[in-house]
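Heavy atoms only: backbone and side chains are in, while hydrogens, waters and symmetry mates are out. In this text, all values refer to a predicted model and were calculated from it rather than measured experimentally.
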Amino acid sequence: MTTFVDRVVLHLQAGDGGHGCVSVRREKFKPLGGPDGGNGGHGGGITLVVDPQIHTLLDFHFHGHVKASNGGGGAGANRDGANGKDLVLKVPDGTVVLNADGEVLADLIGEGTTFEVARGGRGGRGNASLANTRRKVPGFAELGEPGDSLDAVLELKSVADVGLVGFPSAGKSSLISVISAAKPKIADYPFTTLVPNLGVVQAGDQTFTVADVPGLIPGAATGKGLGMQFLRHIERTSVLVHVLDSAALEIERDPLADLDAIEAELSAYGGLEDRPRLVVLNKIDIPDGRDLAEMVRPDIEARGYRVFEVSAVTREGLKELIFALAETVAQHRLDKPAPEPSRAIVRPRAVDESGFTVERDSEGVFVVSGPKVERWVRQTNFDNDEAVGYLADRLDRLGVEDMLGKKGAKAGDPVRIGDREFDWQPNAGEFVSGPRGTDARLEDDDARASAAERLAARKARRVRSDDELLHMSADGTVTSVANAHRPVLVTDDEDTDE
């Protein structure tokens with residue numbers, strides 16, 4: 001089984017933020033100590049970093065699920081929760097990060113290059129951080145924000161100066177094994193090489209790297225053979241070398257046909273038209289191979305290629321080839337524009353930018369979108385009326401209520417923010433301090449009696465029955481209960497049936 005993997009899918013889950021704490025300081029002889037709930041810790045993130053000692057994505061092939069630790073919850077006495085531990089994943093040089101839709105997120109080239117692929121969630125604030133002049137002792141705290149969850153595709157594109165391309169069994173593996181210290185698998189059957197091989201070549205004071213790409217066949221750019229799987233490894237090369245078998249036994253094949261077929265596949269793959277090309281006629285140690293190489297060399301040179309006749313067995317012509325490759329690589333490096341130093345880009349927010357948008361969907365729901373408002377909703381505990389009232393105040397201060405009014409929203413219309421949908425009730429009024437965890441503005445109007453109903457109830461309580469309102473004294477005088485000073489005593493002698 002091969003130990004080279006150049007494409008993996010990672011299931012990433014960053015850590016969730018810890019919840020804030022609701023706590024009130026209680027100490028003997030010190031009443032009304034105030035809120036002291038601590039903040040939740042931030043969740044751990046996941047970062048990719050380029051390590052030159054890593055050459056394959058094999059580790060991620062067996063461990064495709066990666067999860068960072070969550071942040072700790074806050075506690076009383078102003079104790080904040082612990083932050084989750086960040087995960088650092090080492091990847092080889094030339095790794096491309098894509099999302100599930102194929103969009104490139106990052107191209108990691110160069111030792112030490114980093115990219116935070118999944119960000120941990122923010123920790124929620126405790127009630128000590130939420131206290132203000134109106135809410136002196138908040139009865140709620142913010143929830144921790146969930147961490148990023150996504151599927152990321154990692155593709156390895158080898159970073160090499162020279163790429164060897166050609167048909168299977170053309171001698172590419174043999175060539176790279178004699179010009180460098182690489183030890184690829186070599187055999188006398190097609191598709192011996194199943195993975196790209198990298199080798200470092202020294203030519204005088206010049207050093208460059210060579211990549212042996214597995215054999216290509218006609219139709220490789222459309223998925224045939226192994227070509228489509230490994231064509232990406234020649235995207236970063238500076239020079240392409242066609243390795244042609246000048247001793248092929250097949251009647252329908254010859255070096256010129258092989259060159260045309262490989263060029264057609266490179267053109268179909270695209271993006272390689274500007275790379276300088278050299279042609280190597282291999283296996284001239286075989287008599288028929290030397291004769292065929294001498295026959296086709298003028299035709300190849302007429303197309304504008306530099307041609308080298310070599311033998312990986314006897315090492316004939318290798319010295320000239322190595323120094324020609326070093327010269328071509330050096331010239332290509334000089335022709336490349338000098339990299340510009342990175343600049344700090346500052347994008348200030350426009351004066352009229354609100355940070356959110358309000359749109360009405362096909363179902364008539366007003367959808368409020370924006371990173372800030374959606375984060376506020378995620379961090380709100382909707383089981384706590386005071387927390388919901390605090391969210392309403394924040395949205396009002398941000399201008400969401402005014403924007404909804406301008407968009408035509410009326411009281412009772414559905415509004416959706418993130419995954420929460422509710423009926424809009426404008427003009428909630430000022431917050432009035434009450435029992436912790438409650439907000440009088442959110443009380444159900446239908447359940448609460450109106451002022452007229454409360455007045456009628458008070459009058460009803462004052463009404464007395466006839467027996468309660470009238471009282472007969474001992475001398476026969478009837479008075480009201482309010483004027484009676486003592487209860488009536490009735491004796492048996494005075495009680496008559498009449």
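Gln202 and Thr207 are linked by a side-chain donor-acceptor pair at a separation below 3.5 angstrom, with hydrogens and angles left out of the test. The closest side-chain donor-acceptor pair between His42 and Asn83, if any, does not fall under 3.5 angstrom. Checked by atom type, the side-chain pair Thr314/Asp285 shows no donor-acceptor distance below 3.5 Å.
A search for ring-ring contact (aromatic ring centres under 6.0 Å, His included) contacts involving Phe366 returns nothing, not counting sequence neighbours. Applying the side-chain hydrogen bond (donor to acceptor under 3.5 Å, both in side chains) rule to Arg125 yields the partners Glu142, Tyr390; only residues at least two apart in sequence or on another chain are considered.
By the 4.0 Å N-to-carboxylate-O rule, Arg135 lies close enough to Asp393 to be salt-bridged with it. A salt bridge links Lys90 with Asp51: the distance from a Lys NZ or Arg NE/NH1/NH2 to an Asp or Glu carboxylate oxygen falls below 4.0 Å.
Other residues, nucleotides and ligands contribute at most 12 non-hydrogen atoms within 6.0 Å of the NE2 atom of His63. Annotation for Arg416: atom CZ counts as buried by contact number, over 12 foreign heavy atoms lying within 6.0 Å. Heavy atoms of other residues, nucleotides or ligands lying less than 6.0 angstrom from NZ of Lys67 number more than 12.
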Full working for salt bridge (Lys or Arg N to Asp or Glu O under 4.0 Å) between Lys172 and Asp245
CA-CA 10 Å; Lys172 301 184 298 299; Asp245 186 358; over 6 Å; no

Check the pair Ser149 / Gln13 against side chain to side chain donor-acceptor pair (under 3.5 Å), numbers first and verdict last.
CA-CA 5 Å; Ser149 178; Gln13 175 61 64; 3.2 Å; yes

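Proximity of Trp376 to Ile417: side-chain heavy atoms (C-beta onward) are nowhere separated by under 4.5 Å. Counting heavy atoms from C-beta on, the side chains of Ile109 and Val50 never come closer than 4.5 Å. Using a 4.5 Å heavy-atom cutoff, the side chains of Glu155 and Val153 are in contact. Two residues are said to be in side-chain contact when any heavy atoms from C-beta on lie closer than 4.5 Å; Val239 and Asp161 fail this criterion. Considering only heavy atoms from C-beta on, Val97 stays 4.5 Å or farther from Val104 through its side chain. Between Thr357 and Val368, the closest side-chain pair of non-hydrogen atoms is not below 4.5 Å. Contact annotation: the side chain of Val162 approaches that of Phe208 to within less than 4.5 Å [non-hydrogen atoms, C-beta and beyond]. Side-chain contact between Arg306 and Arg277 is absent, with no heavy-atom pair separated by less than 4.5 Å.
When all heavy atoms of His332 and Pro276 are compared, the closest pair comes out as CD2-CD, 3.9 Å. Pairing each heavy atom of Gly37 with each of Asn127, the nearest pair is N-OD1, 2.9 Å. Taking all atoms of both residues into account, the shortest heavy-atom contact from Leu143 to Thr380 is CD1-O, 3.6 Å. Closest heavy-atom contact between Leu292 and Pro255: CD2-CD, 3.6 Å. The two residues Arg275 and Thr237 have their closest heavy-atom pair at NH1-O, 2.7 Å. In this structure, Val22 and Gly139 approach most closely via the heavy-atom pair CG1-C, 3.9 Å.
Between the Asp16 side chain and the Gly147 main chain, a donor and an acceptor come within less than 3.5 Å of each other. Side chain of Asp258 to backbone of Leu244: no donor-acceptor contact under 3.5 angstrom is found. Under the 3.5 Å distance criterion, the side-chain polar atoms of Asp86 are matched with a main-chain donor or acceptor of Gly45. Arg297 contributes no side-chain N or O that, together with a main-chain N or O of Glu294, makes up a donor-acceptor pair within less than 3.5 Å. Of the possible donor and acceptor atoms, none in the side chain of Ser267 sits under 3.5 Å from a partner among the backbone N and O of Glu263. Distance alone, capped at 3.5 Å, is enough to place a donor-acceptor pair between the Ser246 side chain and the Gly289 backbone. At least one donor-acceptor pair under 3.5 Å links the side chain of Asn99 to the backbone N or O of Asp101.
Distance check, rounded to the nearest 0.5 Å: CZ of Arg378 to CZ of Arg122 gives 9.5 Å.
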Side-chain donor-acceptor distances from residues 316-330 under 3.5 Å, at least two apart:
| from | atom 1 | to | atom 2 | distance (Å) |
| --- | --- | --- | --- | --- |
| Glu316 | OE1 | Arg290 | NH2 | 2.9 |
| Glu316 | OE2 | Arg290 | NH1 | 3.3 |
| Thr328 | OG1 | Ala324 | O | 2.8 |

